[in-house]
Chemist: 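Can you keep this structure in mind? I'll have questions shortly.
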Amino acid sequence: MPANTVTTYTTVGNREDLIDKVFMISPSDTPFTSAIAKTGCDGVYHEWQTDSLRAPNAQNASVEGADATFVAQTPTTRIGNRTQIIKDTFSVSNTQEAVKKAGPKEVARLSAKKSVELKKDVEAASLSNTTSVSGSTTVARTLRGCGGWIATNYVGGAGGSAPVPPTNTPPVAGTAVAFTEPMLKTALMNAYTAGGNVTQVHMRPSDKVLSSAFAGNATRMQEVEGNGKTAILQTAYAVYASDFGNVAMIPNRVMAAQVTPDKSVYCIDTAMWALATLRGFEKTELAQTGDARNWQIVYEGTLEARNEASSAQIRDLT
C-alpha cells in the first residue's frame, strides 16, 4: 500500500451500514392452540356438559309382546374452566420514537413481538397448567390445561397418579422414565377404547427424536434425485401409523422452552378441545405519566375440554 493512503480505518465520515431489518430466531409456532376449535365465552367461568354411552350388551333380547320397563338414566355432567388473563406491557420514550433508527419504530416492533409472546403463553397454559385457580382481588385466575384435564387415559411413572379434575387435584409425579413406543401404544389404545380419535401427538423436540426410532414410522422412505443415482433416507417423520389410525407426531417447542419444561406427551383428539375467548388480543395505550408512551396487550380466555376421555397423556418423562 502506498504511503499516506486514505483508508476506512482513519476516516470518520463514513456512514454506518445497518440494514432496515430486525431478525428474530426464537420459535413462534403454537401447534396445539392453532389446531383445536375456536369458540367464545361470556363469563369468567365457562361451562359445558359431557355425556357417555353405556357399555354394549350382547344379551339385549326381549320377549315377544313384553311390556316396556324403564331403566334409570344417568344425567349429563356439567363442568367448566376459568378464564385466564394473559398480558404484557411496554413503555417507549417519546424521544426514542422521534429519532431516526434502523428497523421499525419501537412501538410497532414491540407490539408485534409481544403479541407473538402472548400467543405462546396461551399455548403453554393450554397444555401444561394442571390446576384451575378461581382467583380473587389479589390472586390471578388460571385455566386448567391438558395436563390437569386428561385423567381417564393416563400413563405415568411408578408411584404417580392422574389428575382429578372434579376436585381440581393435579397429577402426582412418579418415577421419571424415558419415552417409549409401548407407552405411546398404550395411550393411543386407551383413548380409542374410550371413544376418542387421536389425530395429533404433541411432545418436546427431544421426545420427537426418540419417537423417530419407533416401529410405527409411516413416512420413512428413500428419495431419489433426478439423476437416478443419489438416494436419501428420510429418518424423521411426521406421521405415526398406529393400530387405531395415523397420527401426526408434532414437536412442540413451547413445551420445551417454557420456564418449567413440560415433560409430557399429549395424544389429542382435536375435535374434543377448543380455545374459548372472552377477550381477544387487545392493545391499549395507557395513561401518559411522563415523557413516554405506555402500552398494554391483553388476552383473556380458557381451554374447553369437551370430553377429556377422548385424549391421553404420558407424564414423568426424563
Side-chain angles (χ1 to χ4, degrees), residues 23-36 81-91 109-136 138-150 154 156-157 160-163 165 168-179 200-210 250-268 273 275-277 279 281 283 295-303 305 311 313-318:
F23 299 96
M24 182 171 61
I25 188 61
S26 301
S28 59
D29 47 324
T30 54
F32 173 68
T33 50
S34 295
I36 61 177
N81 205 357
R82 305 284 177 183
T83 60
Q84 182 169 328
I85 300 171
I86 296 174
K87 72 176 183 178
D88 209 340
T89 59
F90 62 91
S91 179
R109 181 184 72 86
L110 290 173
S111 296
K113 178 181 178 181
K114 294 302 178 183
S115 295
V116 173
E117 291 174 342
L118 290 176
K119 288 179 181 179
K120 292 173 65 178
D121 291 344
V122 174
E123 176 90 353
S126 298
L127 282 169
S128 307
N129 283 10
T130 56
T131 58
S132 174
V133 177
S134 58
S136 68
T138 57
V139 177
R141 286 190 306 275
T142 60
L143 63 85
R144 182 186 299 114
C146 290
W149 274 113
I150 303 175
Y154 166 90
S161 61
N168 203 31
T169 303
V172 175
T175 303
V177 290
F179 182 38
Q200 295 186 350
V201 180
H202 292 259
M203 67 200 80
R204 295 172 299 170
S206 58
D207 291 318
K208 176 63 171 65
V209 171
L210 292 177
I250 300 174
N252 193 311
R253 289 183 279 208
V254 170
M255 293 172 63
Q258 57 187 295
V259 175
T260 302
D262 188 348
K263 302 177 182 179
S264 305
V265 168
Y266 299 104
C267 306
I268 300 297
W273 300 87
L275 186 64
T277 298
R279 292 188 289 160
F281 286 92
K283 184 179 78 169
W295 300 88
Q296 176 177 266
I297 303 178
V298 176
Y299 169 86
E300 185 172 4
T302 192
L303 180 66
S311 304
Q313 69 169 318
I314 304 168
R315 300 190 68 85
D316 308 325
L317 300 177
T318 52

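Remember, it's a predicted structure, so these values are computed and weren't measured experimentally.
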Chemist: For T169, check side chain to side chain contact (heavy atoms under 4.5 Å, CB included) against everything at least two apart and list the hits.
Modeler: V164, T167

Chemist: Do K283 and S111 have side-chain N/O donor and acceptor atoms under 3.5 Å apart?
Modeler: yes

Chemist: State which residues pass side chain to side chain contact (heavy atoms under 4.5 Å, CB included) with L210; sequence neighbours excluded, sorted by chain then number.
Modeler: F179, D207

Chemist: Would you call E117 and K114 a salt bridge, using N to O less than 4.0 angstrom?
Modeler: yes

Chemist: What residues form a ring pair (Phe, Tyr, Trp, His ring centres under 6.0 Å) with W273, not counting sequence neighbours?
Modeler: none

Chemist: Write out all pairs satisfying salt bridge (charged side-chain N to carboxylate O under 4.0 Å, His left out) with one or both partners inside residues 138-150, taking only residues at least two apart or from two chains.
Modeler: R141-E300

Chemist: What residues form a side-chain hydrogen bond (donor to acceptor under 3.5 Å, both in side chains) with S91, not counting sequence neighbours?
Modeler: N294

Chemist: Locate the shortest heavy-atom distance separating P205 from A256; write the atom from each residue and the value.
Modeler: CD-CB, 3.8 Å

Chemist: Y154: which residues meet the side-chain hydrogen bond (donor to acceptor under 3.5 Å, both in side chains) condition with it, sequence neighbours left out?
Modeler: none

Chemist: Which residues pass the side chain to side chain contact (heavy atoms under 4.5 Å, CB included) test with V139, sequence neighbours left out?
Modeler: V133, S136

Chemist: Taking all heavy atoms of G147 and all of R315, pick out the closest pair and write down the distance.
Modeler: CA-NH1, 3.7 Å

Chemist: Mind checking whether L127 and V254 have side chains closer than 4.5 Å, heavy atoms only?
Modeler: no

Chemist: Examine the side chains of E123 and T33 and answer whether a donor and an acceptor come within less than 3.5 Å of each other.
Modeler: yes

Chemist: How are the rings of F90 and W295 set relative to one another: parallel (under 30°), tilted (30 to 60°) or perpendicular (over 60°)?
Modeler: parallel

Chemist: Is any side-chain heavy atom of P251 less than 4.5 Å from a side-chain heavy atom of R204?
Modeler: no

Chemist: Could you please spell out the steps behind the side-chain contact (heavy atoms from CB on, under 4.5 Å) verdict for V265 and V201?
Modeler: CA-CA 7 Å; V265 168; V201 180; 3.3 Å; yes

Chemist: Determine the minimum heavy-atom distance between I86 and D121, stating which atoms define it.
Modeler: CG2-CB, 3.8 Å

Chemist: Would you indicate whether the side-chain heavy atoms of S132 and L143 approach each other to under 4.5 Å?
Modeler: no

Chemist: Taking the side chain as C-beta and beyond, is there a heavy-atom pair between P163 and W149 under 4.5 Å?
Modeler: no

Chemist: Please name all residues satisfying side-chain hydrogen bond (donor to acceptor under 3.5 Å, both in side chains) with D262, sequence neighbours left out, ordered by chain then number.
Modeler: S128, S264, Y266

Chemist: For N129, check side-chain hydrogen bond (donor to acceptor under 3.5 Å, both in side chains) against everything at least two apart and list the hits.
Modeler: Q84

Chemist: Measure the spacing between NZ of K87 and CD1 of I85 and express it to the nearest 0.5 Å.
Modeler: 7.5 Å

Chemist: Distance from L303 atom CG to T83 atom OG1, nearest 0.5 Å?
Modeler: 12.5 Å

Chemist: Going by the rule side chain to side chain contact (heavy atoms under 4.5 Å, CB included), which residues pair with T175 if we only count those two or more places apart in sequence or in a different chain?
Modeler: A158

Chemist: Looking at residues at least two apart in the chain, or sitting in another chain, which of them share a salt bridge (charged side-chain N to carboxylate O under 4.0 Å, His left out) with K263?
Modeler: none

Chemist: Among L110, L118, D88, T89, whose side-chain contact (heavy atoms from CB on, under 4.5 Å) with I297 holds?
Modeler: L118

Chemist: Would you mind reporting whether R82 and S134 have side-chain heavy atoms less than 4.5 Å apart?
Modeler: yes

Chemist: How close do I150 and S311 get, counting heavy atoms only, and between which atoms?
Modeler: CG2-O, 3.8 Å

